[in-house]
Each structure stands twice: as structure tokens, then as C-alpha cells.
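Written out below as C-alpha cells is the structure these notes cover.
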Amino acid sequence: MHIKEHPILGEQLNKPITIYLNEQPLEAYDNQSIAGALMANNVKKLGQSRKLVQARGMFCSKGRCCSCYMTVDGEDHVKTCMRKVRDGMKISEGLEDPELRRDIDEG
Amino acid sequence: MKADVLIIGAGPAGLTAAYEVAKTGLCVLIIDEHQQAGGQLWQQSQILALPDIFPNMRGFELAQFLVERLEGLAVEWLLGHRVIGVYEDGQIGVTNDKDVFPVFAEKIIIATGAAENAIPFPKWTLPGVMTIGAAQSVVNRDRVKPGSSAVIYGDNSFASDVCELLLSVEVNIVAIVKQNKQLGNSTFGDMNIPLYENSSIIEARGNGKLEEIDIQTPHGMITLKPDIVLIDGGQSPILDIVYQLDCALRYQAELGGWLPVYNHQLQTSKDHVYVTGNATGVSNHSALILTGMLAAASVCEALQSLPPEETEVVRNSLYSKLENEEESDTFSARKEHIKQFSTPQLKDQFIS
Ligand code: FES
């Protein structure tokens, strides 16, 4: 749930935007992190572990644990606790290793 | 790029050191991986105890104060940049995730702070299990409720600040689980939250997200159904850059685990590298500010922007403030750590 009136910090969520998780539109606000905005929409599972295929979600929210990797606008392995939302952003779960050498192969 | 002093980390300690160094006329370059200076202060809404030169303020107010104080001084910023290594000639490799370039500085101050520790248990990786600091930043930075009912797991005082914050945004706190019995008063009693001491979470369960946990208490096992578990496992110094600069380390449990060895000047085993803040041992906000001033004074002395006699007076007064303001266990561990400066347990990690 989004907190509209923060008891200490007051109001901040004033610019609503739309992000898409697997094509499904979700409400977010300017300046939120992707993982935070998803959490507000009750989306906790952000991806899965490669080896044991177990659900992963936000853990540290500080950009250190890498548990929140997702694919954002075609870019794999984005730490979604550190990346801010943008209107129209397309997000999908982080399910496997990224193709590291894609641009080199294509080039 | 060039500077007299490179400060790695723009949290409270780094920003304090930057001010003290720049004030003496030296030019400072501050690098931080975040786009905004202030470090973790931005999500700290609690009132901080600070040295008497400051009024008491909340974390985000202190961030603003420390950043604004640098206006007009010879301070350059590399925000959204990370240190990723050291060149053979000693220059520091910096990247913005696109380009990599060298930075030369006479002296380096490591102010990388600390990160939260996990307390693992079976299925602790389920979405919904997170650090207590993550819950604080979701509420204060993202303005999002991390869940509707929480169990807090850990032994640290930080938990009570976050507990209050969560209650104020209507997150129900189902229980607090502590592995040890705390000495002294627990503030959780006033908040009427069930407290399980000498207890531990033995398993979490759920399909794709946390649904229930088993807690072993001295009176048997109980099962609760929170949608979030917040782990408060304390903090440990962040050492990535300490390793890269090849500084020697020692283990000091009371200071948060492994950390660089440093002397009275907060100088590491590498002559040109100093350390400050939580990277010198996890402590309170007063200590972050005071060690920021200490490292700065020593760097200024080494670069001759402060006369040695004056520096010694400044340093002594900072140490006596530190002794008053940080926990006595932390201060004695720090003294012990300084005493052991010349006998590191880990050094020369890179065979060249
Ligand atoms: S939650 Fe840890 S890196 Fe994003």
C-alpha cells in the first residue's frame, strides 16, 4: 500500500505514474524505487534463484544483496531497489542469467 | 581527475571529513555510488543523538545540513560513481557504469560505512523476509507499507526506532523475537508487543512469499502468520574498497567483525589511506561525526594544512568526546584495535 500521509515526513506521493509488470499496469509514484512500487502493489516475488529455482524478493533495499534483480525495459539484472520508476516502464521477473555478451555478439 | 583528498562515501562521516578538510583550503573530491549525497541518513526519520556542537536532529535533517555546509568550499562531487579498483601507479579507478577513469589524490579517506547482517534460518530467502533497515527505507524513501503484519527478529536497539515508525504507518507488529535475553530495559514493553526472549525462528514457509514461521521459545514451539519478517542482525563494516586498496585487517567482534587496522591518526596500513565512520567500527551517529573530524584532522596534519601541535590538541579533545559519546564497550574495543595496529591478522592479500 502507498503511504499518502507520512506521520513524520508529510506528503510526497504527488505524481502518479503507470508501470507495467508483465504487461499488467500498476500504479506507482514518481521517485519510488521499482521494488518499493511493486511492494505497494503487493508484488513481493521479484525473481527466482538460478540454481534451486526459489522465489526471491527485496531483502536489503540498499543495493548490496542483489536479491531484487529484474528485467527493466529490456535490461537484465537491474537492482530494482536502487532504480527509480519511470512512467511507462516495462518490468518482468529476473528468471535467469543475462546474456552478458549480447551487444558484442550482435555488433 | 586530481584532488588533494579523495573521500569514498558521502554519508555522515565522509561529509563531515570533507568539511573539515576543505575548510583548511585543501581540495576535496567526494565519490558515492548514489545520486544523492547523505548516505543512509535520508531514510532515517528518528532523532539522532549527536555531539554537542550540533543540535539534535532527525537523520534526513542532518543529511541536508552536512551537504549544505559544503557550499562555497573547494569540494567536487562524483555522485553515481563507484570505485572499482586501483591502477598500478596508485591511481584510483572510478566508473559511472559506462566509462572508467583514473583519479589521483594525495590522501584517501575511506568512509564506506556499514551494511546490515542477516540472521539466516531455513527459507529465510522467501520474499517478505528482509532487513529491518530495508523496512525503514521502504517506508521513508518509497512511502510504501512493507506489509500488514510484521515479526521483528533480532537483538539491537535500532529495532525499537523502526518499530515505532512501523506502528505509525499502521503496520501491525505481531511479535519481537530475540535470541538473547537483553540486559536492561526493553522499550518494547511500553508498546504492548509480545516479546519472545531466548527464542529463535527455526523455519519460514510459504508459496512464493512468506506465509508462516515457527518460533522455538523456552516454553515450546509456536507458529505465527506474519506477512513480513524484519531481521535486525546488527551491522558490519563494508570492506570492498579496503580490500582493493590492500589495507591490512583485524577481527574485532565488538566493532562489527573484520575491519581495517588503523592507528591513533585513523591511518590504515597504507600510509596514504585513512578510514572513518562505521568503517572504523560500527557505532552511533556521534561517533560517525567525531571520527569524521578525527580522520580529517590527521589528513590535514599530513598535508600540512594544520600545524602538528594544533592537530594534537584537536585530536585529544575529539577522542575524549568520543569516549563520552559512544558505548563504553565500543570505545574500549576501538582502543584495543588501535593498540593492535602493527599486528594485523590479514595482510598482503593480493600476491603480485
Ligand atoms: S534488495 Fe538488496 S540489492 Fe536490492
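Values reported hereafter were calculated over all heavy atoms of this structure, with side chains retained and with hydrogens, waters and symmetry mates removed. Throughout, protein chains are lettered first and strands after them, A, B, ... in sequence-line order, and every chain is numbered starting at 1.
- Going from atom CZ of B:R141 over to atom OG of A:S61 covers 4.0 Å, rounded to the nearest 0.5 Å.
- The two atoms that bring A:F59 and B:V129 nearest to each other are CD1-O, 3.4 Å, heavy atoms only.
- Per-residue heavy-atom pair counts under 4.5 Å with chain A were compared for B:I231, B:D240, B:I132, and the maximum is reached by B:D240.
- Inter-residue side-chain proximity for B:V144 and A:M1 is flagged as unmet; no heavy-atom pair is nearer than 4.5 Å.
- Residue-environment remark: CD (B:E170) stays at or below the threshold of 12 foreign heavy atoms within 6.0 Å.
- Few gaps surround CD on B:E68; more than 12 heavy atoms of other groups in view lie less than 6.0 Å from it.
- The CE atom of A:M39 sits 13.0 Å away from the NZ atom of B:K145 when rounded to the nearest 0.5 Å.
- Taking NZ from B:K209 and CG from A:N42, the interatomic distance works out to 6.5 Å, rounded to the nearest 0.5 Å.
- Environment of CD1 in B:I84: crowded, with over 12 heavy atoms of neighbouring residues, nucleotides or ligands closer than 6.0 Å.
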Report task. Evaluate side chain to side chain contact (heavy atoms under 4.5 Å, CB included) for A:H6 paired with B:V139, printing each intermediate quantity in order. Result -> CA-CA 8 Å; A:H6 189 294; B:V139 172; 3.7 Å; yes
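- Closest approach of B:D142 and A:G36 over heavy atoms only: OD2-CA, 3.5 Å.
- Around CZ of B:R205, the count of heavy atoms belonging to other residues, nucleotides or ligands within 6.0 Å exceeds 12.
- Looking at heavy atoms from C-beta onward, B:T125 lies out of side-chain contact with A:S49 at the 4.5 angstrom threshold.
- For the pair A:R56 and B:L126, the minimum side-chain heavy-atom distance is 4.5 Å or more.
- Proximity to chain B (any heavy atom under 4.5 Å) is shown, for A:S33, by both the backbone and the side chain.
- B:E33 does not touch chain A: none of its heavy atoms, backbone or side chain, sits under 4.5 Å away.
- Taking 4.0 Å as the cut-off between side-chain N and carboxylate O, B:E116 and A:R64 do not count as a salt-bridged pair.
- Heavy-atom distances place no part of B:N207 under 4.5 Å from chain A, backbone and side chain included.
- Counting non-hydrogen atoms of other residues, nucleotides and ligands closer than 6.0 Å to CG of B:D97 gives a total above 12.
- Contact of the B:R143 side chain with the A:K4 side chain is not registered, since no non-hydrogen atoms from C-beta on lie closer than 4.5 Å.
- Using a 4.5 Å cut-off between heavy atoms, B:I228 contacts chain A through its side chain alone, with no backbone atom that close.
- Interface summary for chain B: among A:K45, A:Q54, A:K62, A:H2, the most heavy-atom pairs under 4.5 angstrom belong to A:K62.
- Across all their heavy atoms, B:A134 and A:C60 have their closest contact at CB-O, 3.5 Å.
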